[in-house]
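Here is the structure we will look at, set down as structure tokens.
FYI, side chains are in, hydrogens and waters are out, and symmetry mates aren't considered; it's all heavy atoms of this structure. Keep in mind that what you see is a predicted model, and the values were worked out from it rather than measured. Ligands are counted one by one from 1 in listed order, and the atoms in each one are counted from 1 as well.
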Amino acid sequence: MANDYITKKLQPFGSSIFAEMTKMANDNNAINLSQGFPDFDGPEFIKKAACEAIMAGHNQYANTFGVPALRAAISAKYKKFYGLDYNPETEISILAGATEAIFTTITSIINEGDEVILFEPYYDSYPVSVTMAGGVCRYITLEFPDFKIDFEKLQKTINAKTRMIVLNTPHNPTGKVFTSDELETLGKIAKKHDLIIMSDEVYEHITFDGTKHIPTATIEGLRDRTITISSTGKTFSMTGWKIGTVCAPAKISAAVRTGHQYVIFAVANAFQHAMVKGFEAPDSFYKELLDFYAKKRDFMAKTLTDCGFKIVMPKGSYFIMADFTNFGFDNDVEFCKYLTSEIKVAAIPPTSFYYNKKYGEKLVRFAFCKKEETLAMAAVRLSGLVKKPVSAGAAR
Ligand code: PMP
Ligand code: GLN
């Protein structure tokens, strides 16, 4: 039913699937493998730094573009990890999580009627942000199980109104990490049509099997048309702190900064000071993060495969997409309701991430950014799923 209080443009969007599934998990006393937040705390040294920053008096409005020491730390990080030079004075901004970074970037840059290309499954805030900006979303499906870009379709979709392509690598929810070949082809297309790329790289430090995250801005000729978004929430397991980063050429950064000043103005001062410590972490921190998540990924992949799901092994992020056809449910929403209320494990029905729903309706997304014991308990519960008999109809 339409909600009279919501604007016409927001009518197509319901409440966030993450909030909805977490509530359903809590209401059903289910293990929450739906919303992607760690059920463990971030590093002690960063927490301690936050207490110190509060006691040191960093409690008034921060610099609107971000605490200078944090912007300097981020500039050093991009240089060290990727060889990218960003001027912290003009090209790096701190926003309230990647969510504000996405919203503010899109609403600051997209004009009424501009078209924005989204790859589906997409992170759910992209189409809402484009719509709020008065832009038009055009969708290209990454199909299970390869999630490859159909470049021919992409070329055909681009027209005179196209202004931006939104990319997410490593990709939520599929775990895909875009290869340099894919990024180069995409880059050629972006250059040919003079498009901006917004590259959401919040899972940049979570990749597996030796897969390297390739920032879009490192591809030849793309630095000056790419807006790179990241979030300390993922790297430092502090999703509640909402510290996001935007790196972009000065002209684009100036636009994003203008929007940001009137949406949030400034991000929590003390937490930004504390996060400087995060960026001082030694290289071993990143290696440990990889090993830590690789174990969880392997455990979850085995659990799901043993239960009868068809999975695609993620190369990055902390999510696994699985096909639940073997269990005989009509669609992902039905399946996730059953999973949460009967099996007592909550997961995300990914049709929320598709405009063309048919591509997601036999899939389910599990988050594995959870403690070992949480995943072990989930495995026990998931083993209670009953496979559909081959000849009969749905087994429920
Ligand atoms: N982009 C992607 C791909 C995400 O998965 C998320 C959620 N964690 C965000 C953006 C939002 O990040 P944040 O929590 O920093 O707002
Ligand atoms: N990014 C998280 C996920 O994909 C959720 C973020 C949120 O709840 N807004 O699960």
Side chain proximity check, H171 to V177, heavy atoms < 4.5 angstrom: no
Side chain, backbone, both or neither: V202 near ligand 1, heavy atoms under 4.0 Å: side chain
Within-cut-off N or O pair, Y203 and ligand 1, under 3.5 Å: yes
Ligand 1 contact by T239, heavy-atom criterion under 4.0 angstrom: no
contact_flag F37 ligand 2 heavy-atom lt 4.0 Å: no
Contact partition for I229 relative to ligand 1, non-hydrogen atoms under 4.0 Å: neither
Mode of K234 contact toward ligand 1 - side chain, backbone, both, neither (heavy atoms, under 4.0 Å): side chain
F178 six-ring face occupied by K176 cation (under 6.0 Å, within 45°): yes
Nearest non-hydrogen protein atom, atom 14 (O) of ligand 1: K242 NZ, 3.4 Å
F292 six-ring face occupied by K296 cation (under 6.0 Å, within 45°): yes
Proximity of H171 to ligand 1 by residue part, where a heavy atom lies under 4.0 Å: neither
Test item: side-chain donor near acceptor, N28 and T340, under 3.5 Å: no
Test of proximity, A98 against ligand 1: N or O pairs below 3.5 Å: yes
Polar atom proximity, D200 to ligand 1 (N or O, under 3.5 Å): yes
Axial cation check for F319 ring with R365, 6.0 Å and 45° limits: yes
Enumerated ligand 2 atoms positioned under 4.0 Å from heavy atoms of G36: 2 (C), 3 (C), 10 (O)
Sub-4.0 Å heavy-atom approach of T232 to ligand 1: no
side-chain contact (heavy atoms from CB on, under 4.5 Å) between Y82 and K77, worked out: CA-CA 8 Å; Y82 311 122; K77 167 229 151 114; 4.2 Å; yes
Residues S253 and E91: side-chain donor-acceptor under 3.5 angstrom: no
